[in-house]
Amino acid sequence: MPKIPAPPVPGSLQPTPKRPGKVYGPQTPAEHGHEGAASAIGWIDERTSLSGGARWMMFRKVPKGTNWFYTLGSATMFAFLSQAVTGVFLAMYYDPSATRAYDSIRYINNEVFLGEFVHGMHRWGSSVMVILIFMHMARTFFFGAYKYPRELNWVIGVALLILTMAMSFTGYLLPFDQRSYWASVVGVNINGTGPLVGPYLSDFLRAGPDFGATTLSRFYALHMMLLPGVIGALIGFHLYLVARLGTTAPPWIRAKAPEALREDKVAS
Amino acid sequence: MAALSPAPTKPESLSVAERKPPKSPYTIDRGMPGAFEGETVTRRRFVNVAGQTAGIVAAGAFLVPALGFALGPVFEEKDQPWQAVGRLDEFGTDTYVARTITIAPAIADAGLSTVYVRKFNPSVDTEKRDDFNEYIAISTACMHLGCPVQYVTASQRFICPCHGGVYDFVGKVVGGPPVRPLDRFYTRVAAGTVFIGPRFSVNSELERYSPRDPGAPLDGVGQYLYPARPTMQKLPNT
């Protein structure tokens, strides 16, 4: 194996090779510093055995032909993480009461340092996440990656799509301006057009027959606690199944069976 | 390659004499240490069932109240107090006067809504007169999806800006996607003042129904597909 050339540093700064008979392990504080990260990870791993799981998750075999389309799932997850982080920080300034929500959003946009930027990341990032989740779904569909044994992962993905839509719907009301108020009135009434259960569903969403004092806080609680929790749990299960079942090759890659197992050889 | 492996051999069926005798239901017969006379449930099984039950009870103790807390408003009737909107002589029979009422208390402007009010006009109003329609009060919620309609005096029409719903002078649909006439409010007169009370919905014959959401038709089978809800009921016998 060829040796990696030494970096062009003066000889006095290059580490001296160990002499025979020298004590093993870090001696100087600098050497301890070098080993520090490794020994901290080792300390945790000795007590948790997490490295096995991490290796199982990260060093997987991937089929030939894996391409950029396979990154859409990760891209969706990072869009979700971005939404989660910006959302948590927006919640530091946002006030989910019907009389003060609009003013708190104006305060975020006009007064808070980087407030408009973080709010904008959250607002546009929601559209990015919806676009990415649909592209990820299209990739799965067109590559046939929903077939046996991955049907359950498709079902979880559809649940995640619906939950993402629910996040978009509940989040749209929160700025509480004219646009978001009337859009939510229309959205709740669309829910109400479902026969038999629709009227009760819209009463549940509004916490009563009209938009009232608790409608906004109800949407906020769904948007902030319930839906993200469920989405996070389902993403975890989705990823577990991806690692467990592996990814599919693109449909244009043909698997080459070993010579000994070819049908015609086996039959004779 | 499951086809290549040899098929698992089926065990020979045992004759009656070779079969194990069925286990006795009594723990004492099975030689369990410390078994009681007549005991059939093993202690392992008892502790298992008791533990599962305790877990279900403990989870139910917080899940049931929390669910009831979230679902409660679906079964609670909304309070709709009578609100004064003006003196009798402020309203004519030929045009509407816009008045603001509170539909959701304690949230300032967000809880206000506009109502269009006029006096009963026998030449256009066909419904039976009673104590609650000497003055006609029409809701501004469009019956397509709930956007606010505006009364345009020149054309004597209610027009919705969202999806183009159009209603005539009495609130019946003349164009666009709405599925039923505009909702109304009960009105009553006391001490020379017009009061506006609970909301009700009307079908295309302007008969009163308990309030429905926008988008729910009331003609034909619609009134059964979109049932009245406990949160809002019309006044009895009206």
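Lettering of chains follows the sequences in order, A, B, ..., and the numbering in each one begins at 1.
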message: Can you confirm whether more than 12 heavy atoms, excluding those of A/Arg123, are under 6.0 Å from its CZ atom?
response: no
query: B/Ser113, B/Pro148, B/Ala141, B/Pro105: which one forms the most heavy-atom pairs within less than 4.5 Å of chain A?
result: B/Pro148
- prompt: Just wondering, are more than 12 heavy atoms of other shown residues or ligands nearer than 6.0 Å to CD in A/Glu116?
  reply: no
- prompt: Around A/Phe89, counting heavy atoms of other residues, nucleotides and ligands shown, do more than 12 lie under 6.0 Å from its CZ?
  reply: no
Close approach to chain A in residues 70-88 of chain B, criterion heavy atom under 4.5 Å: B/Ala70, B/Leu71, B/Pro73, B/Val74, B/Lys78
field: For the student: nearest non-hydrogen atoms of A/Thr99 and B/Ala108, plus distance
entry: CG2-CB, 4.0 Å
query: How about A/Arg179: does its CZ atom have over 12 heavy atoms from other parts shown lying under 6.0 Å from it?
result: no
field: Atom CG of A/Asn110: over 12 foreign heavy atoms under 6.0 Å
entry: yes
message: Other residues, nucleotides and ligands only: do more than 12 of their heavy atoms fall within 6.0 Å of CD on A/Glu151?
response: yes
task: Check whether more than 12 heavy atoms from other residues, nucleotides or ligands sit under 6.0 Å from atom OH of A/Tyr70, and answer yes or no.
output: yes
statement: Within residues 209-236 of chain A, contacts to chain B at heavy-atom distances under 4.5 Å involve A/Pro209, A/Asp210, A/Phe211, A/Gly212, A/Ala213, A/Arg218
query: Is the number of heavy atoms from other residues, nucleotides or ligands within 6.0 Å of CH2 (A/Trp252) greater than 12?
result: yes
statement: Against chain A, residues from residues 209-238 of chain B with at least one heavy atom under 4.5 Å, in numeric order, are B/Asp213, B/Pro214, B/Gly215, B/Tyr224, B/Leu225, B/Tyr226, B/Pro227, B/Ala228, B/Arg229, B/Pro230, B/Thr231, B/Met232
query: Just checking heavy atoms, which of residues 181-207 of chain A are less than 4.5 Å from chain B?
result: A/Tyr181, A/Trp182, A/Val185, A/Val186, A/Asn189, A/Ile190, A/Gly192, A/Thr193, A/Gly194, A/Pro195, A/Leu196, A/Pro199, A/Tyr200, A/Ser202, A/Asp203, A/Phe204, A/Arg206, A/Ala207
